[in-house]
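Down below is the structure, laid out as structure tokens.
Only a predicted model underlies this, so the values are computations on that prediction, with no experimental measurement involved.
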Amino acid sequence: MPSPHSMHDDIEHVLISEPVLQARVATLAAAIQEDYAGRDLVLVGILRGGVMFMVDLVRHLDMPVEMDFMATSSYGNATESSGVVRILKDLDTSVDGRHLLIVEDIIDSGLTLRYLMENLANRNPASIAVCALLDKEKTQGDSVVQPEYIGFSIPDRFVVGYGLDYAQKYRNLPYIGVLKPSVYGGE
């Protein structure tokens, strides 16, 4: 009987190991805690990819925070953004006069994040900042959003794991891995 296929077999190589990820999340949380001490902070998690990152980040915060979530779509089952951003789930919380920290898994083109920031700015928050686990190194135009907190700058490769997916799979990998191009029809 053949052995079952493991999702680890689809990974070309591990880019960021689980221990390195967890250490960086703790460091980011410490910086956020220092910067937002005494403020009314709402963490805005971007579904679905940002969930694992946000959960681990919140576990390291020793301060009152509120969590809410938004869901957007710009990829579908593709490996690159379609350029059209849609809000699939909006916030349940009023953000008027409150400090917002958008918790994002990855900044690729920056289009989705720029759209979200503009959308949230119209709701009169006290401030908006971004905490991104991954920032892809790309040559981009002026649409780039510069996050206040960055976990890792990574090469322009298609990555999965720790919340990031391809066709809704691989999110549960405990590390960030480069997906083999043969899996998604890449070169």
Side-chain angles (χ1 to χ4, degrees), residues 24-25 27-154 156 158-159 162-166 168 171:
R24 185 66 182 141
V25 171
T27 301
L28 289 169
I32 291 164
Q33 184 157 321
E34 182 177 322
D35 293 347
Y36 286 94
R39 296 188 190 179
D40 183 16
L41 180 60
V42 178
L43 298 178
V44 178
I46 307 305
L47 297 173
R48 297 175 197 160
V51 169
M52 291 188 185
F53 175 42
M54 183 154 149
V55 167
D56 285 348
L57 189 69
V58 169
R59 288 182 192 162
H60 289 285
L61 293 174
D62 185 19
M63 61 186 282
V65 296
E66 189 168 331
M67 298 181 348
D68 205 342
F69 296 91
M70 293 183 81
T72 63
S73 175
S74 66
Y75 283 82
N77 285 339
T79 60
E80 293 187 22
S81 175
S82 67
V84 177
V85 179
R86 296 180 305 137
I87 293 179
L88 304 176
K89 186 231 176 277
D90 207 342
L91 297 176
D92 296 324
T93 304
S94 170
V95 297
D96 186 28
R98 302 178 78 187
H99 297 277
L100 305 182
L101 181 61
I102 299 171
V103 180
E104 178 72 286
D105 56 354
I106 188 167
I107 298 175
D108 195 339
S109 68
L111 176 70
T112 301
L113 193 52
R114 187 182 70 200
Y115 175 83
L116 284 174
M117 291 181 75
E118 290 170 359
N119 182 289
L120 291 170
N122 291 328
R123 302 177 195 200
N124 198 35
S127 68
I128 302 174
V130 175
C131 179
L133 178 64
L134 305 174
D135 188 12
K136 270 195 183 177
E137 299 166 350
K138 280 186 151 183
T139 304
Q140 301 184 52
D142 60 359
S143 67
V144 175
V145 174
Q146 290 300 319
E148 287 73 9
Y149 308 94
I150 299 173
F152 303 90
S153 290
I154 64 167
D156 186 14
F158 192 72
V159 294
Y162 197 62
L164 291 105
D165 75 299
Y166 170 64
Q168 302 302 325
R171 291 187 195 277

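- Distance check: L61 CG to Q33 CD gives 6.0 Å after rounding to the nearest 0.5 Å.
- The OH atom of Y149 sits 9.0 Å away from the CG atom of L28 when rounded to the nearest 0.5 Å.
- Although no hydrogens or angles enter the test, the distance criterion places a donor-acceptor pair under 3.5 Å between the side chain of D68 and the main chain of D92.
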Check the pair V65, L101 against side-chain contact (heavy atoms from CB on, under 4.5 Å), reporting the backbone distance first and the verdict last. CA-CA 10 Å; V65 296; L101 181 61; over 6 Å; no
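- With sequence neighbours excluded, the residues satisfying side chain to side chain contact (heavy atoms under 4.5 Å, CB included) with A126 are H99.
- Looking at residues two or more places apart in sequence or on another chain, you find a side chain to side chain contact (heavy atoms under 4.5 Å, CB included) between D40 and R98.
- Among L116, L113, T112, the one residue that satisfies the side chain to side chain contact (heavy atoms under 4.5 Å, CB included) test with I46 is L116.
- Within the 4.5 Å cutoff, the side chain of M117 has heavy atoms near those of the V145 side chain.
- Of all heavy-atom pairs between A29 and H60, the closest is CB-CB, 3.3 Å.
- Side-chain N or O atoms of R24 include one that pairs as donor or acceptor with a backbone N or O of I150 at under 3.5 Å.
- Heavy-atom minimum distance, I154 versus V159: CD1-CG2, 3.9 Å.
- Here the closest non-hydrogen pair linking L43 and V58 is CD1-CG2, 3.3 Å.
- Between Y36 and L100, the closest heavy-atom pair is OH-O, 4.3 Å.
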Side chains of residues 49-56: which donor-acceptor partners sit under 3.5 Å, not counting sequence neighbours?
from, atom 1, to, atom 2, distance (Å)
D56, OD1, R59, NH1, 3.3
D56, OD2, Q22, NE2, 3.0
D56, OD2, Y162, OH, 2.6

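- Residues that satisfy the side chain to side chain contact (heavy atoms under 4.5 Å, CB included) test with R123, not counting sequence neighbours, are M70, D90, L91, V95, N119, L120.
- Take D96 and apply the salt bridge (charged side-chain N to carboxylate O under 4.0 Å, His left out) test, not counting sequence neighbours, and it matches no residue.
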Steps toward side-chain contact (heavy atoms from CB on, under 4.5 Å) verdict (Y115, T72): CA-CA 10 Å; Y115 175 83; T72 63; 5.7 Å; no
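- Residues L133 and D105 share a closest heavy-atom pair of CB-O, 3.3 Å.
- Remark: K136 NZ to F158 CZ distance equals 7.0 Å, nearest 0.5 Å.
- For D62, there are no salt bridge (charged side-chain N to carboxylate O under 4.0 Å, His left out) partners two or more places apart in sequence or in a different chain.
- Of all the heavy atoms in P147 and I107, the pair that sits closest is CG-CD1, 3.5 Å.
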